[in-house]
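This report refers to the structure that appears directly beneath it.
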Amino acid sequence: MKRDRREFLAGIGSGMFIASVGSTLAIDLGLAPAHAAEGVVALNFGELEPLVCLMQDTPVHSIQRKLVEQLNSGTSLQQLVIAGALANARTFGGQDYNGYHTFMALAPALEMSKQLPDAERPLPILKVLYRNTNRIQECGGRSSEVLQELHHASHPALPSGEEAGKRLQAATRTAEFDTAEQVFADIAAGPANEAFNHLQFAIQDEVDVHRIVLAWRAWKMTELAGESYAHTLLRQSVRYCVDTERSLHATKRNPSDIRKLLPILLNDLGLFGLKPGLRTASDAELADLSQVVFNGSREQAARAVADALKDGMSIESVGEALSLAANHLLLFDPGRTEEQASQDKPTGSVHGASVGVHACDSANAWRNIARVSNYRNQFASLIVGAYHTAGQRRESLSEELPYREHAQSLLGDSPSRLEQLDEAIRSGDQLTASALTYSYVSEGGKPSELMQKLLKFAVSEEGALHAEKFYRTIQEEHRTTRPTLNWRHLVALARVTASEYGFPAAGMSEARELLNLPG
């Protein structure tokens, strides 16, 4: 049943102090559980509530067995994913690093499952849900939930159109959770797509991979779960933005210059009210624009993209340029230094939170948000996306990984390339894995068969929290990049896959055993 604005606002209300500071900080400070606070009302997800609670309350050593029982009783993989996302959102509210990374992996895991043989389809989902419950339990489970129902506080009537987005942006800049939450609650009483468009004003305030990818993955989850859950899922981004603002205030850092530059570019070029163009960029134009984004300063990149949009270049072509610039960052990445290395991300590795993986995931999110947004946000997302992708060249190699040269020394015919690729990945040889992928594609190999080879590693390995969404990023970017260049994304995926091999996902062997699959 559709509720009117007053009924909606009566049912969402204020969290107490613990909800404001976030679950992790509350636990660190030894504060009382959120449910102990007087007047706090927990979110309830109706028919999904028992499944959501199961994912929050079950000890991690039992969760996969319980989930397989759910599957055997008729629960769908999509229902498991939606319940896992709601459990995650309610627990963390977009304010826990491992928590929101796990949330961002859920929709990609579902897409990955659709590409596996029937018996193996639960594997990527069980993998991420194991991680989900483990982190929820580490942070206190249901006793430390961040998201509660909100009480409506009196505030001026919400303006229509873009002014609503500007009000939300101003509210997040106050660094006050309750202020921003109340404004967004009012906005979320309307259509979900309008709420998402208004949210973009706050998202575009800073350049941060987690800020943008969380917003995109929350929208994708809204498409899976339905509009009735849009407010809960998108609230995570509101709170993430407020959290960032608090950090800026606490450390006395200046906000990103994009806050000043974006309105200048939109105004000076007359992009307000303009309909995006449909002109496909030529190969030469695409190469030029991607190089500006890759090599230029952030302001130069933003201005170049704004000019291209003003000249009628399509959002798909501009997005293609951002994607290729991000791909360059990955293929020019020297790998982690000894100082940057950690136990699961050793020296020379490029998986996990590397500049290239982050750049690719961010560009993918900016492109996808542009595709589902109104005209204003199509322009703004790509301008901010260019600003975000640029300015990261200084730590790159002077030339990209020499995989083409190495490919010339490889022996064997095309059918053996995938077998050789398997061996290179298992030995952690990024250069050879990249060269074999280049050779395979150049010799007419089928990209779909190559992706299937790489998919099994995206399922089996942990990927330092990034395996699922990066695989999905590459799959989408390969599909939406012109055939003369899309092979570059496959080379990037092969490199990252070789880098992340050797760090198997927690719970994977148990999941295979429960599904009666060979180890």
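Side-chain contact between H101 and K469: present, with at least one pair of heavy atoms (C-beta onward) separated by less than 4.5 Å. Contact check for L465 versus M104: no side-chain heavy atoms found under the 4.5 Å cut-off. The shortest side-chain heavy-atom distance between V384 and V207 falls under the 4.5 Å cut-off. Side-chain contact between H198 and Q169 is absent, with no heavy atoms from C-beta onward closer than 4.5 Å. L80 places a side-chain heavy atom less than 4.5 Å from the side chain of M55. Within the 4.5 Å cutoff, the side chain of S237 has no heavy atoms near those of the R211 side chain. Using a 4.5 Å heavy-atom threshold, the side chains of C360 and F470 count as touching. Considering only heavy atoms from C-beta on, L43 comes within 4.5 Å of R235 through its side chain.
Counting only distance, with no hydrogens or angles, the side chain of T389 and the backbone of A386 share no donor-acceptor pair below 3.5 Å. Within the 3.5 Å criterion, the main-chain N or O of L431 finds no donor-acceptor partner in the side chain of R495. The backbone N or O of A359 lies less than 3.5 Å from no partner atom in the side chain of S362, so there is not a single donor-acceptor pair. Put simply, the side chain of E285 gets close to the backbone of S282: a donor and an acceptor are under 3.5 Å apart. Judged by distance alone, with hydrogens and angles left aside, the side-chain atoms of Q392 form a donor-acceptor pair with the main-chain N or O of H388 at under 3.5 Å. Looking only at distances, no side-chain donor or acceptor of K345 sits under 3.5 Å from a matching main-chain atom of Q340.
Ring-plane geometry between F196 and W219 is classed as parallel, the angle between the planes falling under 30 degrees on a 0 to 90 degree scale with a further cut at 60. The aromatic rings of H328 and F332 lie parallel to each other, with less than 30° between the two planes, well short of the 60° mark.
No salt bridge links E476 with R479; every basic N to acidic carboxylate O contact stays at or beyond 4.0 Å. With respect to E145 and R90, a salt bridge is recorded, a charged nitrogen being found less than 4.0 Å from a carboxylate O.
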Exercise for the section: Under the side chain to side chain contact (heavy atoms under 4.5 Å, CB included) rule, what do N134 and E138 come out as? Steps first, then yes or no, please. Expected result: CA-CA 6 Å; N134 184 55; E138 287 177 344; 3.4 Å; yes
Exercise for the section: Take Q300 and R303 through the test side-chain hydrogen bond (donor to acceptor under 3.5 Å, both in side chains) and record every step on the way to the result. Expected result: CA-CA 5 Å; Q300 287 172 333; R303 289 187 178 277; over 6 Å; no
Exercise for the section: Could you check N374 against E162 for side-chain hydrogen bond (donor to acceptor under 3.5 Å, both in side chains), going step by step and ending with a plain yes or no? Expected result: CA-CA 11 Å; N374 60 25; E162 292 182 358; 5.8 Å; no
Problem - Residue pair M221, V81: steps toward the side chain to side chain contact (heavy atoms under 4.5 Å, CB included) verdict - result: CA-CA 9 Å; M221 192 58 65; V81 166; 3.8 Å; yes
Practice task
May I have the step-by-step check of side chain to side chain contact (heavy atoms under 4.5 Å, CB included) for V496 and I474, ending in yes or no?
Solution key: CA-CA 11 Å; V496 171; I474 293 301; over 6 Å; no
Practice task
Begin from the C-alpha positions of N193 and N197 and carry the test side-chain hydrogen bond (donor to acceptor under 3.5 Å, both in side chains) through to its verdict.
Solution key: CA-CA 6 Å; N193 64 328; N197 270 297; over 6 Å; no
Problem - From CA spacing to verdict: side-chain hydrogen bond (donor to acceptor under 3.5 Å, both in side chains), T280, R482 - result: CA-CA 11 Å; T280 299; R482 60 195 64 189; over 6 Å; no
Exercise for the section: Kindly determine whether W216 and V372 satisfy side chain to side chain contact (heavy atoms under 4.5 Å, CB included), including the steps that lead there. Expected result: CA-CA 10 Å; W216 169 241; V372 301; 4.0 Å; yes
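Of the N and O atoms on the side chains of T473 and D361, at least one donor lies less than 3.5 Å from an acceptor on the other residue. In summary, the side chains of R298 and S256 do not present any donor paired with an acceptor at a separation below 3.5 Å, with no hydrogens or angles considered. In summary, the side chains of T337 and E339 do present a donor paired with an acceptor at a separation below 3.5 Å, with no hydrogens or angles considered.
For an aromatic pair to be called close, the ring centres must be under 6.0 Å apart, and Y97 with H210 satisfies this. Ring centers of F92 and Y100: at least 6.0 Å apart, outside the cut-off.
From S323, atom OG reaches atom NE2 of H489 across 3.5 Å, with rounding to the nearest 0.5 Å. Between the CD atom in Q475 and the CG atom in N364 there is a gap of 11.0 Å [rounded to 0.5 Å]. Atom CZ of residue R131 and atom CD of residue E462 lie 4.5 Å apart, to the nearest 0.5 angstrom. To the nearest 0.5 Å, atom CG of residue L262 and atom CG of residue D257 are 12.5 Å apart. Taking SG of C139 as the reference point, atom CD of Q95 lies at 11.5 Å (rounded to 0.5 Å). Put simply, CG on L147 and CG on N88 are 9.5 Å apart, with the number rounded to the nearest 0.5 Å.
Smallest separation of non-hydrogen atoms from G356 and D333: N-OD2, 4.1 Å. Taking all atoms of both residues into account, the shortest heavy-atom contact from S297 to A390 is O-CB, 3.7 Å. Among all heavy-atom pairs drawn from A215 and I369, the shortest one is CB-CD1, 4.5 Å. Nearest heavy-atom pair, A218 versus Q236, reported as atom, atom and distance to 0.1 Å: CB-NE2, 4.5 Å. When all heavy atoms are compared, the tightest approach of V242 to T172 is CG2-CA, 4.0 Å. Nearest heavy-atom pair across Y375 and P276 is CD2-CD, 3.3 Å.
At most 12 non-hydrogen atoms from other residues, nucleotides or ligands lie less than 6.0 angstrom from CD of E395. Counting non-hydrogen atoms of other residues, nucleotides and ligands closer than 6.0 Å to CZ of F272 gives a total above 12. The local environment of CG in L278 is sparse, with at most 12 non-hydrogen atoms from other residues, nucleotides or ligands closer than 6.0 Å.
The cationic group of R376 lies under 6.0 Å from the six-membered ring centre of F201 and within 45° of the ring axis, placing it in a cation-pi geometry.
For the salt bridge (Lys or Arg N to Asp or Glu O under 4.0 Å) criterion with R488, the lone passing option out of E400, E477, E320 is E400.
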